[in-house]
Amino acid sequence: MTIRFKNTFGGQIEEFVSQDPGIVRMYTCGPTVYDYAHIGNYRAYIFEDLLRRWLEYRGYEVTQVMNLTDVDDKTIRGSRELGIPLNEYTDKYKKAFFEDINTLGIERAEHYPAATEHIYEMVELVKKLLEKGYAYKGDDGCIYYSIDKFPEYGKLSGKRIDKNIAGARIIHDEYEKEQAADFALWKEWDEKDGDVFWETELGKGRPGWHIECSAMSMKYLGETFDIHTGGEDNIFPHHENEIAQSEAATGKPFARYWLHCAHLVVEGKKMSKSLGNYYTLRQLIEMGHDPMAIRYVLIGTHYRQQLNFTFEGLSAAKASLDRLREFKDMLLSATEDTVHMEVSDALAKAKTDFENSMDYDLNISGAMGALFELVRNANKLRDEGKLSAADAKPILEFLKDFHAVTGLLPKEKKVHTDEDVIVRIGDEKMRVEAALSERQKARNEKDWARADEIRDALLSQGWEIRDTPEGPVLKKVT
RNA sequence: GGCGGCAUCGCCAAGUGGUAAGGCAGAGGUCUGCAAAACCUCCAUCUCCGGUUCGAAUCCGGAUGCCGCCUCCA
């Protein structure tokens, strides 16, 4: 088993070897809690979820840190507009974030450090950079990082300061900074900040954005850790700046592997509020979409590939998911204990293909392909009478693994036969189970109108009747 | 202007030089009182032009088209 990842640093697909055997320390850039997160954000968090789940599947003990940015221009502006304290404002969105990740079945990270709770660590780090001469105080009182002092600046993103960074920003240069591309480590308080400030050794003010990730990752993961992830837009300047700050301060390599996920577009266009194609997770749920179908869409495209989110794709995902759920139910209802070699062969191949695909830079499409091939083969064998409960058992084990890695399958069985739910048939009210027998009675009497009336009534109330060779079965429509 | 990415069936999407996975949709079929659901079967030579190679969707050069980053952004 060899796991490989495309490392943004260097741009190559390389073998993954953790710093300490059996342990992976990873830092994942989290949300700025100023609004409900949109599906693009969750694409990134689901990619990170898949990453940690795969590492766990491969036996690693994972320590994941995801920061919560709860102090910046947007959170301050939002809280001031409402006239409420910053923490009251951000708490709402922190809570919403955790509700959302539950909805999507995202595993919890080990730590969710908030920027406002790590001011001390950030101040210490900035002090260190001042002492070492990498930082200076500008005329505006803010403390800046001097990128000229860090010759390797640009090594992650491949950008060269002279060529474009300085050029692109020269217009905005307001002379407080020595170099146009220098970035703020600490921002001096000004009126727009209202009562958001900390009195520290650096003065009265608040941290710059980039410093929190350096300070908090070091605190929870050490000065050098294994994996750092984020959206591709973070490569520059955010992650570039993190490297500059961290490595200048410690003199050690910062993150060893950098993984970035591509953006999501909606119906082929960049998601934006003005185009009307901007969706939060909550909106999609309110529209009645299955959270797992959303998860399926977000996880289903390789993380380095731009994902085109479409409603057509969402219903395709729902259909695929239903097929998997159906497959699981089929396995659960298998009987007898004769063992068939064909089944174990198909399963062994699926498992190998699945694992090899995932090992190769989390190739989820290949992995899904392996699973569906197994679905088809197993169904076929079932049709040929070659799938017993004994054969089904190891496949169910595999589905369990599949679920551990992707989080896509439900635990409960979908077919219900003994429900006490009350349904309406015309003007009558009866138990759903009674309605089912009523229909059977009508069918026996060849009263098709009555039978179909009951069938339609049940369907409109969320119950589907399936006439199987073993008799009718009720299924809840999801 | 600088840096980077992408172009594979109607839609989505794998493909690590050796002869095109998979999903959805569609068509046919099994089952059914009819249906639904389910299941089975069928369904592409990879944008174009050159080159390297015994062999290229895969490597190189060029063309065309699309996209991202360089400013807060997952």
**Student:** Measure the acute angle between the ring planes of A:His239 and A:His260, then classify it against the limits of 30° and 60° as parallel, tilted or perpendicular.
**Tutor:** tilted

**Student:** Sort and list the pairs that fulfil ring pair (Phe, Tyr, Trp, His ring centres under 6.0 Å) and have at least one residue in residues 312-335 of chain A, not counting sequence neighbours.
**Tutor:**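 Non-adjacent pairs meeting ring pair (Phe, Tyr, Trp, His ring centres under 6.0 Å): zero.
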
**Student:** Rounding to an integer number of angstrom, what distance separates B:G26 and B:U32 when you compare their C1' atoms?
**Tutor:** 23 Å

**Student:** For the P atoms, the ones on B:U19 and on B:A25, what distance do you get once it is rounded to whole angstrom?
**Tutor:** 30 Å

**Student:** Quantified in whole Å, what is the P atom distance between nucleotide B:A36 and nucleotide B:G28?
**Tutor:**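 B:A36 and B:G28 have their P atoms separated by 13 Å.
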
**Student:** Could I get the full list of side chain to side chain donor-acceptor pair (under 3.5 Å) partners for A:Tyr296, not counting sequence neighbours?
**Tutor:**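 A:Tyr296: no side chain to side chain donor-acceptor pair (under 3.5 Å) contacts found.
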
**Student:** In whole angstroms, how far is the C1' atom of B:G68 from the CG atom of A:Leu264?
**Tutor:** 13 Å

**Student:** Nucleotide by nucleotide, 5' to 3', does protein get under 4.0 Å of the base (B), only the sugar-phosphate (S), or neither (-) in nucleotides 13-22 of chain B, counting heavy atoms?
**Tutor:** SSSB----BS

**Student:** Would a line drawn from the ring center of A:His118 to the ring center of A:Tyr220 be shorter than 6.0 Å?
**Tutor:**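 Centroid distance A:His118-A:Tyr220: below 6.0 Å, so yes.
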
**Student:** Please output the side-chain donor-acceptor pairs of residues 30-39 of chain A that fall under 3.5 Å, not counting sequence neighbours, one pair per line with the distance.
**Tutor:**
{"residue": "A:His38", "atom": "ND1", "partner": "A:Gly40", "partner atom": "N", "Å": "2.9"}
{"residue": "A:His38", "atom": "ND1", "partner": "A:Asn41", "partner atom": "N", "Å": "3.2"}
{"residue": "A:His38", "atom": "NE2", "partner": "A:Asn41", "partner atom": "ND2", "Å": "3.3"}

**Student:** Indicate, with a heavy-atom threshold strictly under 4.0 Å, whether A:Phe47 touches base, sugar-phosphate, or nothing.
**Tutor:**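 No contact.
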
**Student:** Taking atom C1' of B:C69 as reference, at what distance in whole Å does atom NE2 of A:His239 sit?
**Tutor:** 14 Å

**Student:** Rounded to the Å, how far apart are A:Glu312 CD and B:G26 C1'?
**Tutor:**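 Distance, rounded to whole Å: 12 Å.
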
**Student:** Tell me the interatomic distance from A:Phe236, atom CZ, to B:G5, atom P, rounded to whole angstroms.
**Tutor:** 18 Å

**Student:** Specify the residue among A:Ala319 and A:Met271 whose closest nucleotide of RNA chain B lies further upstream toward the 5′ end.
**Tutor:** A:Ala319

**Student:** Go nucleotide by nucleotide along RNA chain B from the 5' end; which of A:Phe327 and A:Thr32 gets its closest nucleotide reached first?
**Tutor:**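 Per heavy-atom nearest nucleotide, the more 5' residue is A:Phe327.
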
**Student:** Please list, chain by chain and in numerical order, all residues satisfying side-chain contact (heavy atoms from CB on, under 4.5 Å) with A:Glu191, sequence neighbours excluded.
**Tutor:**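 Expected list: A:Trp189.
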
**Student:** Could you tell me which residues satisfy side chain to side chain donor-acceptor pair (under 3.5 Å) with A:Tyr42, sequence neighbours excluded, listed by chain and number?
**Tutor:**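 In terms of side chain to side chain donor-acceptor pair (under 3.5 Å), with neighbours along the sequence ignored, A:Tyr42 is linked to A:Asp100.
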
**Student:** For A:Tyr278, enumerate each residue passing the side chain to side chain donor-acceptor pair (under 3.5 Å) test, keeping only those at least two apart in sequence or located in another chain.
**Tutor:** none

**Student:** Give a yes or no answer on whether the side chain of A:Asp49 reaches the backbone of A:Glu107 with a donor-acceptor pair at less than 3.5 Å.
**Tutor:** yes

**Student:** Reckon A:Lys475 has a side-chain N or O less than 4.0 Å from the OP1 or OP2 of B:A38?
**Tutor:**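 For A:Lys475, the contact criterion (side-chain N or O under 4.0 Å from OP1 or OP2 of B:A38) is not met.
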
**Student:** Figure out the CG/C1' separation between A:Asn379 and B:G29, and round it to whole Å.
**Tutor:**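 Going from CG in A:Asn379 over to C1' in B:G29 covers 16 Å.
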
**Student:** Could you tell me how the ring of A:Phe5 sits relative to the ring of A:Tyr257: parallel (under 30°), tilted (30 to 60°) or perpendicular (over 60°)?
**Tutor:** perpendicular

**Student:** To the nearest Å, give me how far apart CG (A:Leu332) and P (B:A38) are.
**Tutor:**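 Answer to the nearest Å: 17 Å.
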
**Student:** Do nucleotides 30-35 of chain B as a string where each nucleotide becomes B, S or -: B if the base has a protein heavy atom under 4.0 Å, S if just the sugar-phosphate does, - if no protein is that close.
**Tutor:** ---BBB

**Student:** Whole angstroms only, please: what is the CG-P distance between A:Asp322 and B:C39?
**Tutor:** 10 Å

**Student:** Should the pair A:Asp361-A:Arg304 be classified as a salt bridge under the 4.0 Å nitrogen-to-oxygen rule?
**Tutor:** yes

**Student:** Could you tell me whether A:Lys475 and A:Asp322 have a side-chain N and a carboxylate O separated by less than 4.0 Å?
**Tutor:**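 Between A:Asp322 and A:Lys475 there is no salt bridge, as every charged N stays at least 4.0 Å from the carboxylate O atoms.
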
**Student:** Once side chain to side chain donor-acceptor pair (under 3.5 Å) is applied, do any residues pair with A:Glu355, and if so which ones, sequence neighbours excluded?
**Tutor:** A:Tyr57

**Student:** Near RNA chain B, which residues from residues 33-42 of chain A have a heavy atom under 4.0 Å away?
**Tutor:**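 Within residues 33-42 of chain A, the residues near RNA chain B are A:His38, A:Gly40, A:Asn41.
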
**Student:** When you compare B:C11 with B:A37, how far apart are their C1' atoms, in angstrom units rounded to a whole number?
**Tutor:**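 The same atom, C1', in both gives a distance of 24 Å.
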
**Student:** How does RNA chain B look in dot-bracket form if you count Watson-Crick and G-U pairs under 3.5 Å, write [ ] for pairs that cross, and put | where a base pairs with another strand?
**Tutor:** (((((((..(((.....[...))).(((((.......)))))....(((((..]....))))))))))))....

**Student:** Starting from P on B:G23, measure out to OH on A:Tyr296 and report it in whole angstrom.
**Tutor:** 9 Å

**Student:** Taking the six-membered ring for Trp, are A:Phe183 and A:Tyr145 parallel (under 30°), tilted (30 to 60°) or perpendicular (over 60°)?
**Tutor:** parallel

**Student:** Using atom P in both nucleotides, what's the gap between B:C9 and B:C46 to the nearest angstrom?
**Tutor:** 10 Å

**Student:** In whole Å, what separates the P atom of B:G17 from that of B:C59?
**Tutor:** 9 Å

**Student:** I want to check one thing: is the phosphate of B:G4, taken as OP1 and OP2, less than 4.0 Å away from some side-chain N or O of A:Lys6?
**Tutor:**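 No, no such contact exists.
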
**Student:** Taking the same atom, C1', in B:G18 and in B:U53, what whole-Å distance lies between them?
**Tutor:** 12 Å

**Student:** Say you pick atom P in B:C66 and the same atom in B:C72; how far apart are they, in whole Å?
**Tutor:**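 Per the computed distance, 28 Å lies between those P atoms.
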
**Student:** Mind listing the side-chain donor-acceptor pairs of residues 362-382 of chain A below 3.5 Å, one per line with the distance, residues two or more places apart or on another chain?
**Tutor:**
{"residue": "A:Asn363", "atom": "OD1", "partner": "A:Ser365", "partner atom": "N", "Å": "3.3"}
{"residue": "A:Asn363", "atom": "OD1", "partner": "A:Gly366", "partner atom": "N", "Å": "3.0"}
{"residue": "A:Asn379", "atom": "ND2", "partner": "A:Val375", "partner atom": "O", "Å": "3.2"}

